[in-house]
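Here's the structure we're looking at; comments come further down.
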Amino acid sequence: MKQVLFNFTDKELEDFIINFGQPKFRAKQIKEWLNRGAPNFSVMKNLPETLRNQLNDICETLPVKIIKKLVSSDNQTTKFLLELFDGEQIECVLMRTTYGNSICVSSQAGCAMGCKFCASTLLGLKRNLTINEMFAQVLTAQWELRQDVFNNIKPNGDSNNNDVSHIVVMGTGEPLQNTQNVFGFLEKANHDLNISWRRITVSTCGIVPGIKELTNWGRPINLAISLHAPTDELRSQIMPINNKYKIHEMMDAAFEFSQTHNRQLMIEYILLGKKNENGETVIYNATEEHANKLSDLIQKHNVMVNLIPWNSVDERDFASLSGNAIHKFQDILINKGIHTRIRRERGADIGSACGQLRLKNKKEQSE
Ligand code: SAH
């Protein structure tokens, strides 16, 4: 197995370089490249070529290796399929938006949560990601952004920089099942990359003890709750976690978090349909009654509801709703004074939704 230099301490890196018969200052040069997210040693142009080749043979730079890179037709979304040291694969997505550059980070390889609409959980949970495996996803995006000038990708709208500015822990996995590493990763991102707490969002399916840990951790980040259904009966049908933590208990913990930090709570709500016997799509969780119940749950609180069009997953027995149905649902919420927006589908053309790329690649490998 190749050694990963990003995982070395400064001292370890220095010793390694000296053992290589190289002067000590090379360690510092390499460290700078690593911190910029260099994907291999060939790009380290201030090192002698023989050293670059030797290092490529026996080491990796980062603990994640790019297996596939997909760019959306508008060039604004880049999705990476990454391989870890043990062969596990994860995904992360870079989104260039008008407010900045946001990266969606995976917190686990696979997922144990079993949500019925999601692709990430289909193969179960493999393991938690380490601090460096999460941090290296951000560095990979950061490196990509720095290449934009060479690739002729212009900054989007008003945003005029090529730094990662926002982190959303909304990729594969349940971050609140891996709290210590997620907190460690976010501390590092805040400290080393200067990403402010307010530009960080953690999304959970509702692990109540984890939400409490988040509150105790005390950092004023944003919390997103994957609600997706307004009653326990319906939610338990699509999200097994609801059998353990009921909606009210989860929402109380979430409100407590957002009140502690005076932050707006984000509610994620996927709009799901189902096919009936005639092959027509019928609404599953987005009728007027559902909208009313949803508004009862959150009224009087500082909440934003993010309505998410379902990205279809072949293995899953749901259907996407029409734009009309989504807007109708949104209108009911707006009339009740609820702050809502419809999530723009980014990179739908590159399978940017939740674990699809990893799943597809696994299937291809086993064929
Ligand atoms: N486990 C965490 C974070 C990962 S999932 C959580 O549940 O919040 C990130 C978000 O994507 C969640 O809101 C999840 O419900 C949603 N999601 C999963 N599959 C989806 C799909 N096929 N289409 C749209 N959103 C999906």
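Every number for a ligand or one of its atoms is a count from 1 in the order of the listing. These values consider heavy atoms only, across backbone and side chains, with no hydrogens, waters or symmetry-generated copies.
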**Asked** Arg316: heavy atom below 4.0 Å from ligand 1, yes or no?
**Response** no
**Request:** May I ask you to say whether Arg146 pairs ionically with Asp163, meaning some side-chain N is under 4.0 Å from a carboxylate O?
**Result:** yes
**Message:** For Thr204, which part has a heavy atom under 4.0 Å from ligand 1: side chain, backbone, both, or neither?
**Reply:** backbone
**Item:** Interfacing atoms of ligand 1 (cut-off 4.0 Å, heavy-atom, Gly173)
**Value:** 1 (N), 2 (C), 3 (C), 4 (C)
**Complete:** By salt bridge (Lys or Arg N to Asp or Glu O under 4.0 Å), Asp148 pairs with (sequence neighbours left out) Arg96
**Asked** Any non-hydrogen atom of Ala224 lying under 4.0 Å from ligand 1?
**Response** no
**Item:** Aromatic contact, Tyr284 with His290 (centres under 6.0 Å)
**Value:** no
**Item:** Atoms of ligand 1, numbered as shown, that sit under 4.0 Å from any heavy atom of Cys205
**Value:** 6 (C), 7 (O), 8 (O)
**Asked** Given His228, Met239, Met170, which has its nearest heavy atom closest to atom 14 (C) of ligand 1?
**Response** His228
**Asked** Is Glu88 salt-bridged to Arg127, going by a charged N under 4.0 Å from an acidic O?
**Response** no
**Asked** Going by the order shown, which atoms of ligand 1 are within less than 4.0 Å of some heavy atom of Ser226?
**Response** 6 (C), 7 (O), 8 (O), 12 (C), 13 (O), 15 (O)
**Asked** Who else is in Ile18's hydrophobic cluster (ILVMFWY, side-chain heavy atoms under 4.5 Å, direct or via others)?
**Response** none
**Prompt:** atom 10 (C) of ligand 1: which of Gln177, Arg343, Glu268, Met113 has the nearest heavy atom?
**Reply:** Glu268
**Asked** Hey, what's the ring geometry for His228 with Phe117, parallel, tilted or perpendicular (30° and 60° as the breaks)?
**Response** perpendicular
**Asked** With a 4.0 Å heavy-atom cut-off (strictly under), which part of Ile270 contacts ligand 1: side chain, backbone, both or neither?
**Response** side chain
